[in-house]
Amino acid sequence: AGCGGPGLVWLHMAAELHPRSGKLIGLSNSNRTAQRNQPVQEFNHGLVLSREPLRDRDVFTVRIDKKVNSWSGSIEIGVTALDPAGLEFPSSATGLKGGSWIVSGCSVLKDSRSVLEEYGRDLDQLGEGDRVGIQRNGKGELHLWVNGQDCGTAASGLPSRLWAVVDLYGKCTQVTVVSCEPPPEMDGEEVEDEIVSTQAVSIMADASSVIYHCGGSSSNSSPAGSSGGVAGLGVAAGSMTTNDALLFHEKCGTLIKLSNNNKTGERRRPLDEFNNGVVMTNRPLRNNEMFEIRIDKLVDKWSGSIEIGVTTHNPNNLDYPATMTNLRSGTIMMSGCGILTNGKGTRREYCEFSLDELQEGDHIGLMRKATGALHFYINGIDQGVAANQTPGVVYGVVDLYGMAVKVTIVHNHNHSDRLRRNNAIMRALSPDVGRPRPALSLTPEPDVPDRLLFHLNCGQKAAIISDGRTALRPHATDDFNHGVVLSNRPLHSNEVFQVRIDKMVDKWAGSIEIGVTTHNPTYLQLPSTMTNLRSGTWMMTGNGVMHNGTTILDEYGHNLDRLKAGDTVGVVRKEDGSLHFFVNGVPQGPAAWNVPPSVYAVVDLYGQAAQATIMDDMADLPPLPDDSSEGPTAMSPGSPCSVSGATAANDLRFHQLHGTNAVITNGGRTALRQNCRSEFNDAIVILNRCLRDGELFEIVIQKMVDRWSGSIEAGVTAIRPEELEFPNTMTDIDYDTWMLSGTAIMQDGNTMRNNYGCDLDSLTTGSRIGMMRTATGDLHYFINGLDQGVACTGLPPEVYAVIDLYGQCVQVSITSSSGPLDNSLCTSNITEKSFPIHSPVAGVAHRLHSKHGKNVVLLGDGCQALRVDGYAHGIVFSAKELKTDEVFEVKINKVDDRWSGSLHVGLTTLQPPDLPSCPLSGLSPSLTQLRSKVTWVLAGSEVRRNGVLQRQNYGCSLDRLTVGNRVGVKRCSDDTMHILIDGEDMGPAATAVAKNVYAVLDLYGKVTAVSIVSSTLVEDSESVKAPSLSPDSCSEGEQDSTPVREVCHLRGSCFEPALVPTVMTFLENHGKNIQLSNQNLTAARVSSYNQGLLVTAQALPRQQLFQVCIDRLNPSWTSSLSLGVIGHSPDRLNFPSTACCLKRSVWLLQRDSVFHNSLKICENYGPNLDTCPEGTILGLLVDSSGCLHLFVNGMDQGVAAQDIPSPCYPLIDLYGQCEQVSAYDYPTTKIYMRCQGDMEKADMVDGIKESVCWTPPPEVNPNKTCEYQALCSRFKELLTLPDGYFNEDAKYNLCYCESCHKLRGDEAYYKRGEPPRDYALPFGWCRFALRIKTHCEVSNAFKKWHIAYHGTSVGSLRRILDHNQLLSAESSSIFSLSPVKTEGHGSYGEPEENSAPEREIPRVQLSPTMRYSGLEVFAPKVQFRDPRSLRCHQAQVGFQVCVRPGSYKVGPTSLGISEPLDPRFSNAEIEWITKEKGGTLLYGLLIRVE
């Protein structure tokens, strides 16, 4: 109205489409009609724009002409500031950036990012004939019009020059522009006010009136997934944001944080806790109402993931459980791919999708139909009826369990992100999706047979070639799994699927596996091996059959692991539902029954199997390829000697998404650029997760080429890997990216600073590059471990490390140094789990001493301290000396940010009572200057002793503490000072701390007030003394010996038994070769040497000892069992072949080492478990401090690991030799420990406390399988010594090799005799007990004589045994010493009165340790050939003797040795000389073999 002729021409041009459009668009009808070509083959590339920019208030309107049902999603419409004349058209409208606003479904996106989720009508529900328009009004606001109705403001602040955008996406295949003009005057600006008032009325109305005001769908539009109009009504009602909208109830699990108007729930501390994440809806669900959530965040730490369902429990009255599956009434949950009713499984395989396999962005929904049927929806796909008779009043419930961290309720149930995910998966993995199926074709092509081929969706290490007939692992020598392939269609009944093995490699254990599965390969997220799949799968592996990862048949048929190239394997499902396998055409018999129809064939190219080809009658088979292995030889992953990933430091890995020329190997730890001499870029790799505050990410350059200029570039980006469109180089990114290139720091592609301090272009092979984001948002680089300083500041909290393998740099690997490094206190990481609150025992609160610095005032009866002036003179002391392991802890109450510096804390030998009266003007102004007495102090992160720097970078810096933080100090039993921050022990800060010390603090700098939060220790007057054992119970077999141990203090060393012991049984979820019996108390490995993992069904309570007995060993294998604990629920754990492959929250004892998540953290711990014989009893205990202990035959081996989480579950790997163990059917709480508080003062001998002596149970014979003792025995037989000299009872023969003495729990030193004297056990030797002559005073010798050792030669053995006494040096010719002719002044003794003066006096040399008597000068080595192994060895001999007190003289070594030989005995008293005949008694023959 009112426009002239030129205006009409402009309007006409604006109502046309621009001639430039998406690559699949065809224009017609004078550029007013657009159609997407190949509509059933492609779902995108259908973008069109208006020919001219829009005028204000003009509504650019199009009519939907055609739709197809092949895809999800539909038309998308919006505006863009990008000129179509120079635009590079993306695949869809949501990919437009640079000032673009797009309405997709019910969402509004700006530059590809969602800004409004619940807006207007759902475009996906519109049908053919519906009209949709887009408008920019005079206020710069964006409006959507549907069938002439304004849907309100979608966005604001739009620029004036905009083009209309229409995307013929998904179902929408053709549109026509119908107008581009303002709306009628009556529908002008006044309409907006009418709509606002209408919406206000709608909010107060019920669901039906809400739908009325918003407008329903056209008659020809049916909501996807709804059951008629009723379902559509429910969906529409659920899509409105009203007071009655579905939200999360305010009452929720203890770890849940609600946001986004209670539409979003997030589990706090997701890396520390895996449960207590239950959320429920704020009201009951209506019939046919969709309750749908979107997964926003997952963490890759726990097993298991989100669970969703309904419950009859009102959230207002419910006591929320830790997980909903614990609720035993009124609850139906979907967990994994099954259905649980009241916590018990009712449907094991409900659907093809498993909730545990969903990713971020996936949607899960549920609906209770009016009929009472409960349906679940995965990404909009109805999974069918889960339960038939659901109660009428139910609430929706979501359990953010395990990996699931954050979800959001969505009210638009066909969100574009989800639909695009589905379409992309269907298009990429199955090109035929969307095309008419042959079964539905009216005229099927007779020349295209229904041929069995491999599906193109295969394992990540597999490839499909030869038109789908052949599958292979191209790099079979680099990896042994991820080779799963499936058939392209389900098998017909009685149809045989058979493959031939084309190629094998001899590097790995295991081989091809074959079977069937109900999972459609189009949607299946393929596992690393099919036996890990826990639903709808039957596999033949080895010579057994597994169903859903559990062995159902052992010794079924021919062992597939023994097949060679050219052999064939097959599978068939018969009409009766039975499953049969074939090997080389020979049927192996029925393997399973009740297998459902429509199953897909599966082949797992595992281990040795590298290539296989489908055998059919349609084509000749290709010839077998040459069986050539490439690559270095490596150990089998299942080999008993393999410890996979032992060098992995943590969970940092390269993401599976990367640049086109990049390749990720080595389990995500190595990245390389392929074609490195022809390509220099397109090799960007990014981390799999965000860097944590203070976490160092470090890589090492492994390979470079001298061809290009430039080299590696490293930095961080806030762009998630899934959202990153990998450019040629990372410096091409123009937002949210910080990179170091050469010496230049670049942000968003622009140089911020040059000459940073290191030059990445100058690095060479072997150089290490590290990056760390501090808690304050600073970025630091590290070169070969050295901090290069702050590179840039102001980084956002969540950034990903990114590496550009550019130019000369070809290959890098993540180093084991990656991990936490920053000393700053990251409050985001302070959790109740990581910083446990110290709860002092009941007692009197600590007090501060009345002597203090001159600026300090004490309040609250000495429990609070306040600095009233200045920044110094704030020293305060504890009122009393600290006891051992007593924590003195304060909380910061007030800070003054005007000052720098912070609280200082430490220990001092200064006695406050000795100080002059207050005010202490003479006291040092700060604690670091207090040097009158020895003082240990932590200032910032530096530890000083009397002002001298002892250590840097200790723990969390005290300078970052603020109000509410707690600081504690204690002196431990090992004379170390420990600092505690918010209850977390930072470890030893100083050593050799004196015993009588006071806690000392300095209210310095910004900290002006503190209060005490700790209490004094209360002595336990009820402590029970350790049981006294009989003299016969000494492990060493020598009665009345008392082991000598260092003082072990009461706190932290003594164990208190668990109050309510728990009976422990094995869990039925276990390794595939495990068979349980005896009410799940006995576990046996029934096949192979691995796949023998088992865990307990119950968590291990603190202070309770869990023990197992080794029942059966098979010497055919090497290595043996390993055991430990796992820190998460094993109910749904997918067990690998060996325990060392578990890498999440696992502590494992293997051989004599301790591993944490496959990383070795301790060596030479306890006995070597590989040498434990049958009958050995092994135990695990976690003490109250969270420390893991190993017990061997009841003997504590000490702390193996610390910070064990609760709950934890004992884990055992029946590996190698160990084939069967049995758990004790009663809980063990009586533990024999050595504790200081249990002893009387009379038990003290020479200041060294006695301890309880222990012996293994009589049925345990540690010598049974000791090869070293057997070797020594064979050497003894070669000596041909008469048997009459030796004790007939072999139990007195003891082996002192490392494994045997650790198994017995022997101490290194014992005491014997009156008065008691120390002697060392002969570690490394083997003792054969001698027969004691009857004329000896046996009882006195054993009780009152001392123990010593004598080295001798093999040639002297027989004469010594014949005379039953040691021979002198001359007669035995053992020593290269001159015989003693006379006795001069100071001689040992006078000759007897009746002795002849010319007769030489014999003398014999002894020692309390074989480290001296076993020297080669005393015990010469002889060579012998072992008659069994025919190997040559060297042997030495000696004697263990009893020596009468007073018959010998203690003196220095006669060999002139200056180096100490034994830490217990000085060289000045290591040699004993005796000349008294009858003063020694032969006790045992000692043999050592090298």
Side-chain angles (χ1 to χ4, degrees), residues 17 20-27 33-49 62-78 80 87-97 100 102-107 109 112 114 122-128 130 132 165-176 221-225 294 359 361-363 377-382 412-437 440 455-457 520-524 722-723 725:
L17 297 173
R20 295 192 73 246
S21 57
K23 67 180 182 181
L24 293 181
I25 287 295
L27 299 178
T33 299
Q35 66 179 13
R36 191 179 80 235
N37 297 322
Q38 304 175 14
V40 295
Q41 285 84 25
E42 297 289 345
F43 60 87
N44 51 14
H45 294 292
L47 203 58
V48 292
L49 283 80
V62 299
R63 179 186 67 237
I64 301 175
D65 295 335
K66 291 183 181 179
K67 296 185 72 174
V68 295
N69 293 320
S70 301
W71 308 104
S72 301
S74 188
I75 188 172
E76 297 175 345
I77 192 168
T80 182
L87 177 64
E88 274 192 34
F89 283 80
S91 60
S92 65
T94 54
L96 288 170
K97 298 180 181 178
S100 302
I102 304 297
V103 181
S104 173
C106 292
S107 300
L109 296 92
S112 301
S114 177
D122 187 351
L123 300 186
D124 297 343
Q125 306 301 324
L126 301 183
E128 295 177 356
D130 283 333
V132 59
V165 179
V166 179
D167 190 358
L168 281 66
Y169 181 78
K171 294 180 179 179
C172 180
T173 63
Q174 181 175 313
V175 299
T176 297
S221 173
S222 177
R294 180 187 66 231
Q359 304 297 315
D362 284 328
H363 288 218
Y377 300 80
I378 307 296
N379 288 326
I381 301 175
D382 189 349
N412 50 315
H413 306 300
N414 286 288
H415 188 268
S416 60
D417 289 347
R418 183 197 70 213
L419 302 179
R420 186 162 291 106
R421 172 192 290 271
N422 283 347
N423 287 342
I425 291 175
M426 289 188 289
R427 177 66 184 87
L429 300 185
S430 182
D432 295 327
V433 171
R435 301 174 184 172
R437 298 183 179 180
L440 302 177
H455 197 281
L456 294 180
N457 182 25
N520 189 320
T522 302
Y523 308 108
L524 178 62
E722 296 81 3
E723 299 170 355
E725 296 179 2

Enter the distance from [X]:[atom1] to [Y]:[atom2] here, rounded to the nearest 0.5 Å.
{"X": "Y523", "Y": "I378", "atom1": "OH", "atom2": "CD1", "value": "13.0 Å"}
{"X": "D124", "Y": "C172", "atom1": "CG", "atom2": "SG", "value": "10.5 Å"}
{"X": "I64", "Y": "K171", "atom1": "CD1", "atom2": "NZ", "value": "11.5 Å"}
{"X": "D362", "Y": "N379", "atom1": "CG", "atom2": "CG", "value": "4.5 Å"}

Give a yes or no on whether the backbone of [Y] and the side-chain of [X] come within a donor-acceptor separation of less than 3.5 Å.
{"X": "K67", "Y": "S74", "result": "no"}
{"X": "W71", "Y": "Y169", "result": "no"}
{"X": "S112", "Y": "T94", "result": "yes"}
{"X": "D167", "Y": "E76", "result": "no"}

For [X], which residues count as a side chain to side chain donor-acceptor pair (under 3.5 Å) partner, sequence neighbours excluded?
{"X": "R20", "answer": "none"}
{"X": "S100", "answer": "T80"}
{"X": "S21", "answer": "none"}

- Report the C-alpha distance between N44 and S92 in whole Å, list the side-chain angles of each, state the deciding distance to 0.1 Å, and finish with yes or no for side-chain hydrogen bond (donor to acceptor under 3.5 Å, both in side chains). CA-CA 6 Å; N44 51 14; S92 65; over 6 Å; no
- Give the C-alpha distance, both sets of side-chain angles, the deciding distance and a yes or no for side-chain contact (heavy atoms from CB on, under 4.5 Å) between V62 and V132. CA-CA 6 Å; V62 299; V132 59; 3.8 Å; yes
I'd like to check the side chain to side chain contact (heavy atoms under 4.5 Å, CB included) partners of [X]; sequence neighbours left out, ordered by chain and number.
{"X": "Q35", "value": "N37, Q174"}
{"X": "L24", "value": "R36, E42, H45"}
{"X": "E723", "value": "I719, R720"}

For [X] against [Y], the heavy-atom pair lying closest together:
{"X": "F89", "Y": "L49", "value": "CE2-CD1, 3.4 Å"}
{"X": "I25", "Y": "L27", "value": "CG2-CD2, 3.8 Å"}
{"X": "R63", "Y": "D65", "value": "NE-OD1, 2.9 Å"}
{"X": "A93", "Y": "V165", "value": "CB-CG1, 4.2 Å"}

- side-chain contact (heavy atoms from CB on, under 4.5 Å) evaluation trace for L47 with L96: CA-CA 10 Å; L47 203 58; L96 288 170; 4.1 Å; yes
- Message: So, applying side chain to side chain contact (heavy atoms under 4.5 Å, CB included) with T33, which one of V175, L17, T176, V48 is it?
- Response: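 Running side chain to side chain contact (heavy atoms under 4.5 Å, CB included) over V175, L17, T176, V48 with T33 returns exactly one hit, T176.
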- pair H455-T522: side-chain heavy atoms closer than 4.5 Å: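 Yes, close enough: below the 4.5 Å cut-off.
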